[in-house]
Protein chains: 2
Amino acid sequence: MSSIKNSTKKKATLKDVAHTANVSVATVSRVLNDSPNVTKKTKDHVNNVIQELSFSPSPMARALNTGRTRTVGALVPTLDHAIFSKFLGALEKQLSSHKHSLVISTTNGSPQTEFEQATALLNMGAEALIVSGKTRSQEFDALVKRFNVPVIITSYYDPKADYPSIGYDNAAISKLALDHFIEKKYTAVTVIHGPTSDNDRTRDRLRGIKSDNRFNDVTYMEAELSVDGGCQATNEIISSNQKPNVIFCLSDVLALGVIFELQRNNINIPNDIAVMGFDNLEWAEHTVPPLTSIELSVKDMGKHAADEVCHFLNSGKPINNIKLSGHLLKRKTT
Amino acid sequence: MSSIKNSTKKKATLKDVAHTANVSVATVSRVLNDSPNVTKKTKDHVNNVIQELSFSPSPMARALNTGRTRTVGALVPTLDHAIFSKFLGALEKQLSSHKHSLVISTTNGSPQTEFEQATALLNMGAEALIVSGKTRSQEFDALVKRFNVPVIITSYYDPKADYPSIGYDNAAISKLALDHFIEKKYTAVTVIHGPTSDNDRTRDRLRGIKSDNRFNDVTYMEAELSVDGGCQATNEIISSNQKPNVIFCLSDVLALGVIFELQRNNINIPNDIAVMGFDNLEWAEHTVPPLTSIELSVKDMGKHAADEVCHFLNSGKPINNIKLSGHLLKRKTT
DNA sequence: TTGACTTATGTAACCGTTTACATTTATTAC
DNA sequence: GTAATAAATGTAAACGGTTACATAAGTCAA
C-alpha cells in the first residue's frame, strides 16, 4: 500500500533538476534554451539529470514569462466541407513549420457562435485569429480590440476590410464562368448556390453575376450546401419550366449532386444542359463527364495566412493583404 | 510623437484592477471566479473597473496556477479525408461544450511525424491526446509516459491495446460486406484498399476478409486513397483478365472513382460488376446508382471521445473502451 | 452591550519558468 | 605572478494569477 505515496509522483520541475544537478536554476534554464555560455561539461551533466528525472519544462510557466503561447486560432463555419479542411490542413502544416500550433473552432456560420468561440480561443491564449469572410459581429471587434490580437480574414480579398485579408475577389472570379458561358453561347443560366445568410463570399459571387449585364436570363436557386442540395435543386429545375443551357453551381459539392441527378434523368451533359462547378475539388476531373470548375488555390491561402501571421508575431511586420487568383478549368461538362 | 509612449499601453493586470478598485487582488480574483463570498456591492464595483480597464485574465497565469489548460490535442493522418474532418468536427463540438479546446495536428500517417507533433502538442500544454489507430512509436509511448497524459485511440476498438480505445472492430465490420456478397451470390471479389503501411485499420479490415474462408476468389489491389486511386485501380481491373462480380472498396472515396470509371467504360453497375463502399459519406446515397456502403458512426466516435476525455480530466474517472458498430446500407450498386 | 459566530476582505506565499544583474572562475597578456 | 578581461554560474526578481490563512466587519442572541 506504500505505493499510494509513490503514485503521487509529481512532475519534476526545473528547480528539482537544479537541485539534483547541484547547479542553479538559471543554469538549467540556460541548458534548456541552449544558451552559448554553458560549459559542455555542465550542459551534459544537466541534460543527464533532465533525462534521469524525465523532466520537461512547463509550457504554462514558459508562456507566462515570455508572453508567447505560439498558438493561432482558426474559426471556420464547418469542418464538413472539403474546402475548409483543405485550407486548415495547409494552414496547420505551415504553422507547424513555424513551430506554431493551430486551434480550430467551428462557428456554424453564426457570428454569435463565432464570437463565443473566439472568446474561448483568446482565453486559452491564442495569439492570433484566422477567420472566414469579412463579416464580423461588433462583439467580436470589441473582443479583438480588448485582447489586441491580430486577425486575418480569409476566402475574401478586400484591402478595405476591417482586418487584413487573404483571399479572392469572389465577384471577379465568378465572372470567369460568365466569360466562359459567353464563349459557349449559353444564354440561359441557372445558378445554384448555398445559403447566403452569414456567407459573404457566396453573396459576393452572386453580386458578381448579377452585376454582369451580358445575361438577362438568369435564375437563382438557394440550396443546402451538399450533394443532396444539388440533387434537390436539379429536380426542381427539371420539374419546372426552366430550360437553362447551363447550371452554374457555386460549389463543386452542389455540382456533383446536379451531375448525378441529371444523369439519373437521362439528361445529357453538356448537350442538354451544361454544368459548371466551383472549387475544383479532388474528384472534379473524374466525374462523367469531367467537371468544368474554377480552381481556388485554397492551400496557398492557408500557407500565406500562416506565413503572414507568423511574421507578424515574430517580428511585428504588418500583415499584408494578399489577393489570390482563381482559374477556370475547362473540362467536359460545358 | 508622444503617442509612442501611449502605444505601449500594456494590458491591464489583475493587480491594476485591484489597485484602481481599492480592493485586494484576492477580491478581484474572487469576483473573477464568482466566489460566493463577495458582497454584491463590491462585486459590481470590481466588475465595473474590469470593464473600464477592459481587463481579461491571463490564461497562462491561470494555467500555471491551476495546472489546467483545458486543451486536448488530436492527431490525425490528414484533414483531406472527409472521414477525419467529420470526426474532428464532432470532437471539437463536444469538447467545446465541455469548455475545452481542440488542437489538431496532422501526421501524414507517419509514426515519426506523429511523435513530433505529439511533442509539440504536449509542449504547448495539451492535457490529453486523441490518436488514430492503435500503432504508436516507442518514442511516443515514452513521451506520453513522461508527460503523464491520457491517450485515447480512435477508429480502432481493442480493449487490449496500450491505451483505451473508442472505435470499431474493423475486421468484424468488413465481414458485414462479405455476408452481403454471399447473399448476393458474388463469388469473385476484388478488394481495392488504400495504403496499408501505417494504417492498421485498413490492415484489420483486410485481415477480416482474408480470414473468411467462404471466399477463394479474392483479388487485392492497393491504390492511393483518392477518387483518382479508385479510377486507376478500375482501369487496371478492366484491362486485366480479372472478372470480379463485385469490387469492394475499403473507402467510399475509392468507390466513387470506381463508379465513375466503370460508367465511363459502359460497364453496368451492378449487373456487370457490383460495387460496395465503406464509410457511407454524405453523397453515397446519391451516386448513380446509389452506393451500397457501410456506415460508421464517426460523429459518435468524436462525441464519445470528447466525453470520455473530459470526464477523465475533470474527475479522474478512468476512460472506457467503447465499441461502436457499423451498419450495412444496402443500396443499388449491389 | 457583549461575546460567539458568520461573512467579507486582505496578506502573502506559491505555481515553474526566464533573465537582468551580481558574483565567481577561467583565460590571457605582461 | 598578477591585473585585466572574458566566460561560467548564481541570486533574486519578475510574469499574472490563485488560494490558504489571517484579519476585519457584520449579525444575532442573551
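As the structure is a prediction and not an experimental result, all values here were calculated from the model. Every chain is numbered from 1 and lettered A, B, ... according to where its sequence line falls, protein lines coming before strand lines.
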Residues 133-144 of chain A vs salt bridge (Lys or Arg N to Asp or Glu O under 4.0 Å), sequence neighbours excluded, gives A:E114-A:R136, A:K134-A:D158
Rounding to a whole Å, what distance do you find between A:N37:CG and C:dT25:P? 17 Å
Can you find a pair of side-chain heavy atoms, one from A:L122 and one from A:L129, that are under 4.5 Å apart? yes
Considering every strand and a 4.0 Å limit on heavy-atom distances, what is the contact class for A:T13: base, sugar-phosphate, or nothing? sugar-phosphate
Atom NZ of B:K11 and atom P of D:dC15 are separated, to the nearest Å, by 15 Å
In whole Å, what is the span from the CG atom of A:N123 to the P atom of D:dG17? 11 Å
Looking at the side chain of B:L64, which of D:dG16, D:dT19, C:dT9 is the nearest nucleotide? D:dG16
Could you give the CG-to-P distance, from A:L14 to C:dG16, as a whole number of Å? 10 Å
May I ask you to decide whether B:E127 forms a salt bridge with B:R70, counting only side-chain N to carboxylate O separations under 4.0 Å? no
Measure CE/A:M60 against P/D:dT18 and give the value in whole Å, please. 14 Å
What pair of heavy atoms forms the shortest contact from A:Y156 to A:G133, and how long is it? CB-CA, 4.2 Å
Side chains of B:S165 and B:K323: donor-acceptor distance under 3.5 Å anywhere? no
May I have the distance from B:D34 (atom CG) to D:dT19 (atom P), rounded to whole angstrom? 13 Å
To the nearest Å, how far apart are A:D16 CG and C:dC15 P? 10 Å
B:L75 and B:F140, any side-chain heavy atoms less than 4.5 Å apart: yes
Tell me the closest heavy-atom pair linking B:D198 and B:P111, and the distance in Å. OD1-CD, 3.4 Å
Under-3.5 Å N/O pairs linking protein and nucleotides 10-14 of chain C:
unit_1, atom_1, unit_2, atom_2, d
C:dG10, OP2, B:S24, N, 2.7
C:dG10, OP2, B:S24, OG, 3.2
C:dG10, OP2, B:T27, OG1, 2.8
C:dG10, O6, B:R30, NH2, 2.6

Strictly below 4.0 Å, heavy-atom distances to any atom of DNA chain D: list the hits from residues 38-58 of chain A, or just say none. A:V38, A:T39, A:T42
Using a distance-only test with no angle check, is there a side-chain donor-acceptor pair under 3.5 angstrom linking B:S24 and B:T27? yes
Looking at every non-hydrogen atom in both residues, tell me the closest pair between B:D34 and B:K43 and how far apart they are. CB-NZ, 3.9 Å
Would you kindly give the NZ-to-P distance between B:K15 and D:dC15, to the nearest whole Å? 7 Å
Is the shortest side-chain N/O distance from A:T66 to OP1 or OP2 of C:dT18 below 4.0 Å? no
